[in-house]
Enquirer: 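First the structure, then my questions, so here it is.
Since the structure is predicted, the reported quantities are computational estimates derived from the model, not experimental observations.
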Amino acid sequence: DSWCRSSLGDKASTKYTWIIEDFTRRPSKVGEVFSSETFSVTGPGIQDIQWRLQMYPEGRRDDTKDYVAVYLKSENLFPVRASFTLYVLNGQNQKECVSRVCEEICKFKPMDSERGTRWGDTEFIEEDKFEDPDFLTAAGDLKVVCELTVYGPEKTFSGSQTQGNVKQVGEDFWKLY
C-alpha cells in the first residue's frame, strides 16, 4: 500500500496591538495613510517575517470616507501565506468591528510587487462608532488588534508499506545478476 499526506506546513502566530492615542484629534484627509511600526513573526520552520498595519482614518477613497480602513501589509521580499483577524478593543476591552477578510489563508506578494502586498478592510470602522462614548478608551485612544498566523512552505509526505520482506527478497534476487 502507498500513502501521501499534505499539510499546510509549519505555522507561527502572534497577537499585535496598535494603540493610536487621541484618535479623533488626529488631523488627516481622505486617502492619507499612516502606519504602525513593523512587527515580526518567527517560529519553527518559519523565517523572520515582517509586517505593518496601515490605516486610513478618513477613508481610503471618497466613496468610503465614512469608514476607517485598516490593512495588514507584508514587508518582505518574498511571498508569504498567512491568515489573520482584525478587531478593535473598545473602552471596555471588548471586541468590536471584527474583520475576517483573511480568516482563510491569503497569499501576500513580495513588497516590491505592485499589488497583493496587503489585505484588509476598506470599511473596518464606521464613522458612527466614534459617537459611542465606550468605543475609544477613556483617554480617547483607539486599540486595533491583529491576530496573525503565518504558514511556512506546504509539505507533502509519501511512502509505501510492504507486507513481509517481499521488497528485500526482490532486492536480493536483483543482486544475483
Side-chain angles (χ1 to χ4, degrees), residues 6-26 28 32-60 64 67-113 115-155:
S6 297
S7 77
L8 291 173
D10 295 328
K11 63 183 177 178
S13 298
T14 193
K15 185 194 306 191
Y16 180 76
T17 303
W18 184 18
I19 300 172
I20 300 103
E21 295 179 355
D22 292 321
F23 182 77
T24 56
R25 293 193 179 127
R26 291 185 159 274
S28 68
E32 192 172 272
V33 64
F34 74 101
S35 301
S36 71
E37 292 293 318
T38 57
F39 61 99
S40 64
V41 179
T42 55
I46 306 276
Q47 54 190 315
D48 186 33
I49 306 206
Q50 300 290 313
W51 302 92
R52 154 184 329 267
L53 290 176
Q54 293 185 318
M55 178 180 289
Y56 294 82
E58 295 297 324
R60 202 169 133 219
T64 58
Y67 296 90
V68 174
V70 177
Y71 296 88
L72 175 65
K73 183 174 187 339
S74 170
E75 295 287 331
N76 304 286
L77 294 173
F78 47 87
V80 180
R81 295 178 319 125
S83 61
F84 69 95
T85 301
L86 295 170
Y87 57 90
V88 170
L89 272 181
N90 68 17
Q92 309 298 314
N93 271 338
Q94 296 171 332
K95 290 182 183 181
E96 285 197 49
C97 304
V98 178
S99 176
R100 293 183 170 92
V101 171
C102 281
E103 194 171 40
E104 301 296 322
I105 297 174
C106 291
K107 293 179 182 176
F108 291 79
K109 292 185 178 177
M111 65 185 272
D112 57 357
S113 302
R115 297 178 163 260
T117 61
R118 67 182 188 175
W119 290 84
D121 194 339
T122 305
E123 298 179 358
F124 181 56
I125 305 170
E126 193 169 358
E127 197 175 74
D128 296 350
K129 286 283 189 186
F130 297 104
E131 294 172 14
D132 179 351
D134 292 328
F135 186 68
L136 299 174
T137 67
D141 303 343
L142 176 64
K143 290 184 188 179
V144 177
V145 180
C146 177
E147 292 183 4
L148 171 65
T149 301
V150 175
Y151 297 87
E154 291 186 36
K155 295 182 179 180

Enquirer: Applying the side chain to side chain contact (heavy atoms under 4.5 Å, CB included) test to V70, which of V101, D121, V88, L86 qualifies?
Expert: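 It is L86; the other options fail the test.
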
Enquirer: Provide the closest heavy-atom pair for F108 versus L72 in the form atom of the first, atom of the second, distance.
Expert: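 For F108 and L72, the tightest heavy-atom pair comes out as CE2-O, 3.4 Å.
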
Enquirer: Under the ring pair (Phe, Tyr, Trp, His ring centres under 6.0 Å) rule, collect the residues that match up with Y87, sequence neighbours excluded.
Expert: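 With sequence neighbours excluded, Y87 shows a ring pair (Phe, Tyr, Trp, His ring centres under 6.0 Å) to no residue whatsoever.
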
Enquirer: What residues, two or more places apart in sequence or in another chain, satisfy side chain to side chain contact (heavy atoms under 4.5 Å, CB included) together with P79?
Expert: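 Once residues adjacent in sequence are excluded, the partners of P79 under the side chain to side chain contact (heavy atoms under 4.5 Å, CB included) criterion are P110.
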
Enquirer: Give the minimum heavy-atom separation between S28 and E58, together with the two atoms involved.
Expert: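 S28 and E58 have their closest heavy atoms at OG-CG, 3.0 Å.
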
Enquirer: Can you name the residues that form a side chain to side chain contact (heavy atoms under 4.5 Å, CB included) with A138, not counting sequence neighbours?
Expert: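 Per chain and number, A138 pairs via side chain to side chain contact (heavy atoms under 4.5 Å, CB included) with no residue.
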
Enquirer: Find the distance between CZ (F84) and CZ (R100) and round it off to the nearest 0.5 Å.
Expert: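 Rounded to the nearest 0.5 Å, the CZ-CZ separation comes out at 12.5 Å.
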
Enquirer: Under the side chain to side chain donor-acceptor pair (under 3.5 Å) rule, collect the residues that match up with T122, sequence neighbours excluded.
Expert: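 Listed in chain order: Y71.
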
Enquirer: Under the disulfide (SG to SG under 2.5 Å) test, which residues partner C102, sequence neighbours left out?
Expert: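 In terms of disulfide (SG to SG under 2.5 Å), with neighbours along the sequence ignored, C102 is linked to C106.
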
Enquirer: Give the table of side-chain donor-acceptor pairs shorter than 3.5 Å for residues 11-23, with sequence neighbours excluded, one pair per line with atom names and distance.
Expert:
from	atom 1	to	atom 2	distance (Å)
S13	OG	T149	OG1	2.9
Y16	OH	E37	O	3.4

Enquirer: Side chain to side chain donor-acceptor pair (under 3.5 Å) with R26: which residues, sequence neighbours excluded?
Expert: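 Once residues adjacent in sequence are excluded, R26 has no partner under the side chain to side chain donor-acceptor pair (under 3.5 Å) criterion.
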
Enquirer: Checking D10 now: which residues fulfil side chain to side chain donor-acceptor pair (under 3.5 Å) with it, not counting sequence neighbours?
Expert: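 Counting only residues at least two positions away or on another chain, D10 forms a side chain to side chain donor-acceptor pair (under 3.5 Å) with K155.
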
Enquirer: Run the side chain to side chain donor-acceptor pair (under 3.5 Å) test against T85 and tell me which residues pass, sequence neighbours left out.
Expert: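 Side chain to side chain donor-acceptor pair (under 3.5 Å) list for T85, sorted by chain: empty.
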
Enquirer: Identify, with sequence neighbours excluded, every residue that meets disulfide (SG to SG under 2.5 Å) alongside C97.
Expert: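 With neighbours one apart ignored, the set is empty.
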
Enquirer: Specify the closest pair of heavy atoms between M111 and T117, including all atoms of both residues, with the distance to one decimal.
Expert: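 In terms of heavy atoms, the two residues are closest at CA-CG2, 3.7 Å.
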
Enquirer: Would K95 and V145 satisfy side chain to side chain contact (heavy atoms under 4.5 Å, CB included), going step by step from the backbone distance to the final call?
Expert: CA-CA 9 Å; K95 290 182 183 181; V145 180; over 6 Å; no

Enquirer: Would you compute the distance between atom OH of Y151 and atom OG of S83 and round it to the nearest 0.5 angstrom?
Expert: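 Taking OH in Y151 and OG in S83, the distance rounds to 3.5 Å.
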
Enquirer: CG/L89 to CG/L136 distance, rounded to the nearest 0.5 angstrom?
Expert: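 L89 atom CG to L136 atom CG measures 12.0 Å (nearest 0.5 Å).
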
Enquirer: Using a 3.5 Å cut-off and no angle test, enumerate the donor-acceptor pairs between side-chain atoms of residues 123-135 and protein atoms at least two apart in sequence or in another chain.
Expert:
from	atom 1	to	atom 2	distance (Å)
K129	NZ	E96	OE1	2.9
D132	OD1	D134	N	2.9
D134	OD1	Q92	NE2	3.3

Enquirer: Let me check something: any side-chain donor-acceptor pairs from residues 48-56 under 3.5 Å, sequence neighbours excluded? List them with distances.
Expert:
from	atom 1	to	atom 2	distance (Å)
D48	OD1	S40	OG	3.3
D48	OD1	Q50	NE2	3.4
D48	OD2	Q50	NE2	2.9
R52	NE	E75	OE2	3.2
R52	NH1	S36	O	2.7
Q54	OE1	R118	NH1	2.7
Y56	OH	R118	NH1	3.1
Y56	OH	R118	NH2	3.2

